[in-house]
Amino acid sequence: MPELLEIEAYRRLAEPVVGRRIVAVIAPDPWFLKGGITVDDLDLALVGARVEGLRRLGKLVCVDLAGPDGPRPVLGLRFGMTGRLLVDGRAGIERLEYGSDRGLPEWDRFALAFAGDGELRISDPRRLGAVELDPDESRLGPDATTLTPARVRDALGDSDAPLKARLLDQSRVAGLGNLLVDETLWRAGLDPARRAGGLGDAERRRLLHALRRVLDELGDRGGSHTGDLMAARVRGGSCPRDGTPLDRRTIGGRTTYSCPHHQR
DNA sequence: ATTGTGGCCTGCCCGC
DNA sequence: TGCGGGCAGGCCACAA
């Protein structure tokens, strides 16, 4: 599923559209439009606008726009767990975990056509992604790529919630999804069910160190699904580090695999 | 405010 | 061979 790493790949893929002018909006699926907006609202906001820049905040892509006659709203793109981005016919991520690579035309949920023939398109079989105008950026915590010891401390606070739930909470840390968190906690040797506020300084340092390495390494390898734990994340799987049968639990509302031996 | 739960959506895979 | 059920999880509404 797209987590921070995949969304960043999407943002980079879309960079060539900076500077282009939108000539048409194709929104065949009203369900995909969130915040009460209609196709007419999108036409009014987007057609004739020039793309000024692309920003990624956690799993949200913000498209900054400018019209010839004044400011335009920010276009927010969300990809849920099966949303793919295609720009000028090219895909950002070839293979999407839990997705499908068939890319049927009926999965097209939203597209922008640019002056001079290019296009930006979202294909999403499960319709869990979304398009909105002026997304509330203040609801997102600091991006996971920008964490520091102080920000980790703030994000965990003295919360009673499970550590994993807190890391998945986009208002505390933006960008992490189920696979990245399981991989990070497995590498850090931390039990996902631990009370978030109960970590000591050394444990928070281990967490941050593991997270940075996970983002670097899995980014290089090609995505959230390339972690060392991934192959063992199945029923009956064993810890790749010490061979202990993995626990399979629901934590933070997500299927969670962890090693009862070395994650404490 | 904080934390937990259920539901949305639908392709895919397994077992019968 | 077809079918039903379970599963995947990002996000949101809602409950306690």
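Reckoned from all heavy atoms, side chains included, excluding hydrogens, waters and symmetry mates. First the proteins, then the strands, lettered A, B, ... as listed; each starts at 1.
- For A:K59, the listed nucleotide lying nearest its side chain is C:dC11; candidates were C:dC11, B:dT10, C:dG9.
- For the OP1/OP2 pair of C:dC7 and a distance below 4.0 Å, the side-chain nitrogens and oxygens of A:R235 include at least one atom meeting the criterion.
- The side chain of A:T255 contributes no N or O atom lying less than 4.0 Å from OP1 or OP2 of C:dC7.
- In this structure, the nucleotide among C:dC7, B:dG11, C:dG10 sitting nearest to the side chain of A:E3 is C:dG10.
- OP1 or OP2 of B:dC9 has not a single side-chain nitrogen or oxygen of A:T82 nearer than 4.0 Å.
- Side-chain N/O atoms of A:R166 include none lying less than 4.0 angstrom from OP1 or OP2 on B:dT2.
- For C:dG9, neither phosphate oxygen OP1 nor OP2 lies less than 4.0 angstrom from any side-chain nitrogen or oxygen of A:R254.
- When each of A:W31 and A:D169 is assigned the nucleotide of DNA chain B bearing its nearest heavy atom, the one mapping closer to the 5' terminus is A:D169.
- Atom-to-atom, CD of A:E106 to C1' of B:dC9 comes out at 15 Å; the value is rounded to the nearest Å.
- Of the candidate nucleotides C:dC12, B:dG11, C:dG9, B:dG11 has the atom nearest to the side chain of A:P125.
- Residue A:R249 contributes atom CZ, which lies 13 Å from atom P of B:dG4 at whole-angstrom precision.
- Between B:dT2 and A:R172, a contact under 4.0 Å exists linking OP1 or OP2 to a side-chain N or O.
- Whole-Å rounding puts the A:L57 CG to C:dC11 P distance at 12 Å.
- Remark: A:W107 is in phosphate contact with B:dG11, judged by side-chain N or O atoms under 4.0 Å from OP1 or OP2.
- Note on A:V131 and A:V17: same hydrophobic cluster, where clusters join Ile, Leu, Val, Met, Phe, Trp and Tyr whose side-chain heavy atoms are under 4.5 Å apart, directly or indirectly.
- Nucleotide C:dG9 holds its C1' atom 8 Å from the CZ atom of A:R126, rounded to whole Å.
- Each side chain to side chain donor-acceptor pair (under 3.5 Å) pair with one or both residues in residues 60-74 of chain A, not counting sequence neighbours, appears once here: A:R55-A:D64.
- Summarising the geometry, the separation between CZ on A:R233 and C1' on C:dA8 is reported as 10 Å, rounded to the nearest angstrom.
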After noting the C-alpha distance and the side-chain angles of A:D201 and A:R204, does the key distance pass the salt bridge (charged side-chain N to carboxylate O under 4.0 Å, His left out) rule?
CA-CA 5 Å; A:D201 288 345; A:R204 283 198 305 268; 2.5 Å; yes

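- Taking 4.5 Å as the limit, every side-chain heavy atom of A:F79 sits out of range of all side-chain heavy atoms of A:K59.
- Backbone-only engagement by A:R139 is indicated by non-hydrogen atom pairs under 4.0 Å involving sugar-phosphate atoms exclusively.
- Rounded to an integer number of Å, the gap from A:L104 CG to B:dG11 P is 8 Å.
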List the steps and the verdict of side-chain contact (heavy atoms from CB on, under 4.5 Å) for A:D143 and A:L57.
CA-CA 6 Å; A:D143 193 82; A:L57 291 78; 5.5 Å; no

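- Taking a cutoff of 4.0 Å between a charged side-chain nitrogen and a carboxylate oxygen, A:E52 and A:R50 qualify as a salt bridge.
- Atom CG of A:L168 and atom P of C:dG9 are 10 Å apart (whole Å).
- Atom C1' of nucleotide C:dG9 and atom CD of A:Q170 are separated by 12 Å, given to the nearest angstrom.
- Judged by closest nucleotide on DNA chain C, A:L128 is the one of A:L128 and A:E132 placed further toward the 5' end.
- Using a 4.0 Å heavy-atom criterion, one finds that A:D124 contacts no nucleic acid atom at all.
- Checked against B:dC9, B:dG4, C:dC12, the side chain of A:R78 finds its nearest nucleotide in C:dC12.
- Checking A:S159 against A:R127, the closest nucleotide of DNA chain B that is more toward the 5' end is the one next to A:S159.
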